[in-house]
**Student:** 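My questions all concern the structure below.
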Amino acid sequence: MSQSAQLKLSGDKTIDLPVVVGSENEHALDIGKLRSSTGYITIDPAYGNTGSCQSNICFINGEEGILRYRGYPIQQLAENSTFVETAYMLIWGELPNKQQLAEWSGLLTEHAPLHEGLRFAFNSTPPQGHPMATLSSMINAVSSYHPELLNIESDDGFKVAAAKLLSKVRTIAAFSYRQTVGAPVRYPKPDFDYCTNFLHMMFSKPYSSFEPDPDVVQALNQIFILHADHEQNCSTSTVRMVGSSGANLFASCAAGVCALWGPLHGGANVAVLDMLGRIYSGKTSVKEFMEKVKSKEEKLMGFGHRVYKNFDPRAKILEESAKKVLPKLGVKDPLLAIAEELKDIALADEYFIERKLYPNVDFFSGILMRAIGIPINMFTVMFAIGRMPGWIAHWYEVFKDPNARINRPRQVYTGPTERDYTPMDKR
Ligand code: SDX
């Protein structure tokens, strides 16, 4: 039996609002008819209480620290899956069977290279340019070399477009890195899997064979899986917003890259390393820093979350992974001990407890990425590669939705009321 809620407005006006109940028993007021029947709109800056859509892709319970992709708990995927398999499942809704996985992997291998014209486009980007700027512009540039991707008319056409984007985003990132360090690009190798090929394109030396460390490949798979989707976060909402206008997959995901760049979102993994580095260098002490956080002169980067008011399950997995992988790689990173000290202090301090501030995905990810050789200026690019399947899945959900409409929020105007134009000699 459908539920409804009653809204009582000024005077005796009331309106019944249908209640939408999700598969995990989330409840929402459907205000689709609010303005037309009452003249009222709702207002919710930063959308902390507003659902933009109903989606089948990702579920988060922030109070209990639950994260599932298409119903699969993130802990099981991080333990058992690969990034390529998780990407398929996020996009098409089910874990692939052997044949489906082989076909999907084959498409990713086939579409790993860039058009030679695009390869030379890197020469026009300054080496000191930010890799997120290069990533966003090159993703759009890919569609200029593959105009057939701009108008997807079939599921098969979408699958090729998705494979091209997911595969080439890795090549673009590696080429962009090689350009910043003045190294010759390394073309993808068809016999390498997704993560091994990325590491090869990033770090292999010309005229020498590339033997990836299995622990590094496994850690990279896990990093990408943990970043693959996160329901309506800022960048995914951006992809859906842009896609709602009918913009193509590449333009929508290039916009997602720009949203992710911000230090409050995907850029936080870099900000965490900067924060830990300042403490390690002695510019400030843990105690002094935490005092500054509580007096709001500093933020504890990598802590806090709009949805998680409990541990971000990804942070727990990354912390355990860092503790396991660093010793295996023979890496001693003093920043890990500082991160642990900050975490322990925060978890016992009333300031953080009452604000429900816990480590989020960015708190430990940078330490693990640094240990496997990823340069700090590429951390947010790594987040974007990991998040690409989620963006593609959400774009496709909008694309396939017969009831999808262009996203166009309203506002409450608070500017000047009507007034006449003042001639220059009267101003
Ligand atoms: C990601 O949305 C997603 O799902 C994102 C993401 C994904 O996978 O896509 O999970 C990835 O972006 C993770 C978040 C990475 N960003 C950071 O680590 C930056 C540091 N965190 C904060 O900036 C903040 O916690 C946000 C941006 C993450 C969330 O901000 P909110 O929900 O707007 O929270 P808020 O600013 O309203 O904070 C509530 C209170 C405030 O104190 P009071 O005004 O009540 O006294 O908590 C305080 C804030 O000052 N607070 C912090 C803090 N985060 C919030 N205080 C110190 N350090 C922090 N990090």
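Remember, it's a predicted structure, so these values are computed and weren't measured experimentally. Both ligands and their constituent atoms are indexed starting at 1 by order of listing.
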**Student:** Do D333 and Y280 have a side chain donor and acceptor closer than 3.5 Å?
**Tutor:** no
**Student:** Distance under 4.0 Å, heavy atoms only, partner ligand 1: which residues pass?
**Tutor:** H230, N233, L264, H265, A268, V293, K296, K299, L300, M301, G302, F303, G304, H305, R306, R314, R355, L357, N360, D362, F383, R387
**Student:** Check ring pair (Phe, Tyr, Trp, His ring centres under 6.0 Å) between W391 and all other residues, then give those that pass, not counting sequence neighbours.
**Tutor:** none
**Student:** Ring-plane angle category for F122 and F175, please: parallel below 30°, perpendicular beyond 60°, tilted otherwise.
**Tutor:**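 Ring orientation, 0 to 90° scale: perpendicular.
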**Student:** Let's go through F352 and M290 carefully: what are the C-alpha distance in whole Å and the side-chain angles of both, what is the deciding distance for side chain to side chain contact (heavy atoms under 4.5 Å, CB included) to 0.1 Å, and is it a yes or a no?
**Tutor:** CA-CA 10 Å; F352 297 89; M290 290 304 252; 3.8 Å; yes
**Student:** When you check the side-chain N and O atoms of Q232 and T236, is any donor under 3.5 Å from an acceptor?
**Tutor:**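 No, because no side-chain N or O of Q232 sits under 3.5 Å from a partner of the opposite role on T236.
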**Student:** What's the spacing between L90 CG and I392 CD1 if we round to 0.5 Å?
**Tutor:** 10.0 Å
